[in-house]
Visitor: 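Before anything else, here's the structure in question.
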There are 2 protein chains.
Amino acid sequence: MMTEPNQPLPRINSGSDLKTVLNKEGFRLTSQRQKILELFRDVALDHHLSAEEIHHQLVEQGEKISISTIYRALHVMVGLGLLQELELAEDRKYYELSTPFTSHHHHLVCVQCGAVQEFEEVSISDVGAGETQTRGFVLLNSQFTIYGVCPRCQNRLGS
Amino acid sequence: MMTEPNQPLPRINSGSDLKTVLNKEGFRLTSQRQKILELFRDVALDHHLSAEEIHHQLVEQGEKISISTIYRALHVMVGLGLLQELELAEDRKYYELSTPFTSHHHHLVCVQCGAVQEFEEVSISDVGAGETQTRGFVLLNSQFTIYGVCPRCQNRLGS
DNA sequence: TAAACTGTTGAAAGTCATTTTCAATATTTA
DNA sequence: TAAATATTGAAAATGACTTTCAACAGTTTA
Ligand SMILES: [Zn+2]
Ligand SMILES: [Zn+2]
Ligand SMILES: [Zn+2]
Ligand SMILES: [Zn+2]
């Protein structure tokens, strides 16, 4: 559960290891699934994407992929532990690469403008792991999400 | 942000103080809104309820109230800080009385059967408050939710 | 108290993210 | 290569939630 600081994160490559992960559960590696993973891998900055945003980005870069395929692929990848599903906004889900492909972190969301800031705090993950173990649960995932109003939006309201 | 341990929680009563809270924002106290609050106040045990469950319970106890009214009332009450909105299951929202009417706590959810366990952990809330302040956000709400598989469901799968 | 004003309700229609259906296509297996 | 099985795109379906609107209720004013 502890994250080693300053360790380079493993980089999921779109080739053979992804295929292995999929095949292990009877899934196949398709170009569409590969493209979705590559998008997460290469778009390091704005890396909380909704299904529609993923679709839009891929279509924009010339890929032929339908929105249903996006939704199906997201399910598969969450199930395989490649992606995390996040509840950042009211009406849609967001996705990001899951640990260990990215560092485990939590989210601070502005409910006005949707801006998201991330922060790491090992103690939180530790509390989660402890509670889970104490109660005999198998831990799948945990999220600490803070909803608030960012400084910019505070000013905007004040004017 | 600190919670005093062993302090009796204030008990929202369905009478005048609820009226005051509503009126302050231009809302009115109606019997429907009162009934919803009473349901939360009196059903101490299974106190994470979806809109549909609230509706079902009230209809079952003979109240005349529509599902649209439930949804509207939930919005109003969340806005007033009387209720908290929770992301416990995939496809619907759950609600519970918010602090200070109940103690501030976090949730451990079994993704198989939906069972929910609660736990208090002040350090988490403190971390949240700290991060929020550091970044200049106004804190509205924070949730730490752990998703896992409960012991019973582990056995069920193993058989 | 009554009229005017404003908020609320129920029923039904609408919205919209997500899921499912199904025939065509791609990948894997034999 | 052919059979077997998984995946895809397009369109229809689903379902939680929201909105519309006319009737109704609580509040304010005179
Ligand atoms: Zn903002
Ligand atoms: Zn993130
Ligand atoms: Zn369970
Ligand atoms: Zn709770």
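Predicted model, so just to flag it, every value in this text is computed and none were measured. Every chain is numbered from 1 and lettered A, B, ... according to where its sequence line falls, protein lines coming before strand lines.
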Visitor: What integer distance in Å separates B:E52:CD from D:dG15:P?
Guide: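 Atom CD in B:E52 sits about 10 Å away from atom P in D:dG15.
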
Visitor: Is there a continuous path of hydrophobic side-chain contacts, each under 4.5 Å between heavy atoms, that joins B:V43 to B:I54?
Guide: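 Same cluster: B:V43 reaches B:I54 through Ile, Leu, Val, Met, Phe, Trp or Tyr contacts under 4.5 Å.
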
Visitor: Provide the full list of side chain to side chain donor-acceptor pair (under 3.5 Å) pairs with a residue in residues 127-137 of chain B, sequence neighbours left out, each pair given once.
Guide: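 Listed once each, the pairs are A:Q117-B:R135, B:E131-B:R135.
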
Visitor: If I take atom CD in residue B:E90 and atom P in nucleotide C:dT18, what distance separates them, rounded to the nearest angstrom?
Guide: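 Distance, rounded to whole Å: 10 Å.
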
Visitor: If only side-chain N and O atoms count, and only distance matters, is there a donor-acceptor pair under 3.5 Å linking B:Q84 with B:Y95?
Guide: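 There is no such pair between these side chains.
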
Visitor: Reading nucleotides 5-13 of chain D from the 5' end, what letters show protein touch, with B for base, S for backbone sugar-phosphate only, - for no heavy atom under 4.0 Å?
Guide: BBSBBBB--

Visitor: What integer distance in Å separates B:R92:CZ from D:dT18:P?
Guide: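 Interatomic distance, CZ of B:R92 to P of D:dT18: 14 Å.
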
Visitor: Given atom OH of A:Y94 and atom P of C:dA17, what is their separation to the nearest angstrom?
Guide: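 It works out to 10 Å between those atoms.
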
Visitor: Could you state the CD-P distance from B:E63 to C:dG10, rounded to the nearest angstrom?
Guide: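 My rounded result for the distance is 11 Å.
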
Visitor: Between B:I65 and B:K35, does a side-chain contact (heavy atoms from CB on, under 4.5 Å) hold up when you go through it step by step?
Guide: CA-CA 9 Å; B:I65 187 169; B:K35 289 294 174 2; 5.7 Å; no

Visitor: Any ion pair linking A:E87 and B:K93 (charged N to carboxylate O, less than 4.0 Å)?
Guide: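 Salt bridge flag = no for A:E87 with B:K93.
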
Visitor: What is the distance from OH of B:Y71 to C1' of D:dT20, rounded to the nearest Å?
Guide: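 From B:Y71 OH to D:dT20 C1': 17 Å.
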
Visitor: Say whether A:H48 and A:E96, considering side chains only, have a donor N or O and an acceptor N or O under 3.5 Å apart.
Guide: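 Looking only at side-chain atoms, A:E96 and A:H48 do form a donor-acceptor pair, the distance falling under 3.5 Å.
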
